[in-house]
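Read the structure below first, then the notes.
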Amino acid sequence: MSPTLLVFIGIGGFAGILSGLIGIGGGIIIVPALMLLAGFTQLEATGTSLAVLLLPVGIVAVLQYYKDGNVNVPAATTMAISFALCAWFGVLLAKRIPPMYLRFFFGIAIMIIGGYIAGAAFKKIS
C-alpha cells in the first residue's frame with residue numbers, strides 16, 4: 001500500500017481536531033491510522049507520531065490554552081522532562097520487543113484507557 005499526501009493530511013487533520021478538542025491525538029490516533037491507512041510498522045508509526053508532536057504542532061494549541069489560563073506550567077515542565085527521559089528509554093526497549101507484541105500491548109493500553117474514560121463518563125451521567 002502506498003500512502004498518499006491526502007492520507008497524511010487526513011490523519012494529521014483528524015488528530016489535530018481531536019487534540020485541540022479533547023487533548024488526544026498522538027499515539028491514540030496517529031499510530032493506528034499510520035499502521036492501517038499507510039502500511040507503517042509499529043515502530044515507524046510510533047517514531048513518525050512523535051516527530052509530528054514536536055514543538056511546531058503542539059505550540060499552537062498550548063499557546064491558546066495558556067492564554068485562557070488552562071496550562072499548569074510547573075506540572076507541564078516536570079512531566080515534559082520525565083516524558084522525554086522515559087521516551088528515550090521506551091525507544092530502546094521497543095527496539096528489543098517483537099512488533100506483534102508491541103501492537104498487542106498498544107491495543108490493550110487503548111482498551112484499558114478507553115474503558116476507564118467511558119466508565120468515568122458513565123458514572124457522571126447516572
Side-chain angles (χ1 to χ4, degrees):
M1 171 191 274
S2 175
T4 66
L5 183 61
L6 288 178
V7 169
F8 294 138
I9 291 170
I11 292 170
F14 186 65
I17 289 169
L18 288 180
S19 179
L21 184 64
I22 57 175
I24 65 167
I28 299 285
I29 301 300
I30 295 173
V31 171
L34 286 174
M35 291 167 50
L36 179 67
L37 302 175
F40 282 30
T41 67
Q42 178 76 44
L43 290 175
E44 289 172 326
T46 301
T48 302
S49 176
L50 289 170
V52 168
L53 299 172
L54 286 175
L55 189 59
V57 173
I59 195 69
V60 176
V62 170
L63 287 175
Q64 185 61 49
Y65 275 105
Y66 180 79
K67 179 180 159 187
D68 294 340
N70 293 312
V71 175
N72 182 315
V73 175
T77 302
T78 302
M79 285 187 286
I81 293 167
S82 175
F83 189 114
L85 293 173
C86 291
W88 173 75
F89 175 73
V91 170
L92 296 177
L93 186 60
K95 292 191 302 187
R96 297 173 187 253
I97 298 173
M100 79 173 180
Y101 290 118
L102 288 175
R103 290 181 78 166
F104 177 77
F105 294 141
F106 183 75
I108 295 297
I110 289 176
M111 289 191 306
I112 291 169
I113 293 165
Y116 173 79
I117 292 170
F122 183 75
K123 287 179 185 176
K124 299 270 186 197
I125 294 172
S126 45

> Quick one: do Y101 and L43 end up in the same hydrophobic cluster if we chain Ile, Leu, Val, Met, Phe, Trp and Tyr together by side-chain heavy atoms under 4.5 Å apart?
Replying inline: yes
>> Per the side chain to side chain donor-acceptor pair (under 3.5 Å) rule, what does the pair list look like for residues 66-75, sequence neighbours excluded?
In response: Q64-D68
> Which residues satisfy the side-chain contact (heavy atoms from CB on, under 4.5 Å) test with L50, sequence neighbours excluded?
Replying inline: T46
> Are L36 and F40 co-members of a hydrophobic cluster defined by side-chain heavy atoms under 4.5 Å apart?
Replying inline: yes
> Any idea which heavy atoms bring F8 and A38 closest together, and the distance?
Replying inline: CE2-CB, 3.9 Å
>> Starting from V31, can I reach I9 by hopping between I/L/V/M/F/W/Y residues whose side chains sit under 4.5 Å apart?
In response: no
> Measuring from L34:CG to I29:CD1, what's the distance to the nearest 0.5 Å?
Replying inline: 11.5 Å
> So, for A45 and M35, which heavy atoms are closest and what is the spacing to 0.1 Å?
Replying inline: CB-CG, 3.7 Å
> To which residues is F122 joined in a hydrophobic cluster, defined by side-chain heavy-atom contacts under 4.5 Å among Ile, Leu, Val, Met, Phe, Trp and Tyr, whether direct or through other members?
Replying inline: none
>> Return the CG to CG distance between L102 and L93, rounded to the nearest 0.5 Å.
In response: 8.0 Å
>> Run the side-chain contact (heavy atoms from CB on, under 4.5 Å) test against L92 and tell me which residues pass, sequence neighbours left out.
In response: W88, K95
> What's the spacing between M100 CE and Q42 CD if we round to 0.5 Å?
Replying inline: 13.0 Å
> When Ile, Leu, Val, Met, Phe, Trp and Tyr are grouped by side-chain heavy atoms lying under 4.5 Å apart, directly or through other members, which residues fall in the same group as I117?
Replying inline: I113, Y116
> Under 4.5 Å between side-chain heavy atoms, hopping through other hydrophobics if needed: is there a path connecting F105 to I112?
Replying inline: yes
> With V91, which residues qualify under side-chain contact (heavy atoms from CB on, under 4.5 Å), at least two apart?
Replying inline: none
>> Among residues at least two apart in sequence or on other chains, which ones pass side-chain contact (heavy atoms from CB on, under 4.5 Å) with T77?
In response: V73, I81
> When rounded to the nearest 0.5 angstrom, what distance separates CD1 in I125 from NZ in K123?
Replying inline: 13.0 Å
> Where do I110 and I28 come nearest, in terms of heavy atoms and distance?
Replying inline: CG1-CD1, 4.0 Å
> From I97 CD1 over to R103 CZ, what is the distance, rounded to the nearest 0.5 angstrom?
Replying inline: 15.0 Å
>> Any non-hydrogen side-chain atom of I30 less than 4.5 Å from a side-chain atom of T48?
In response: no
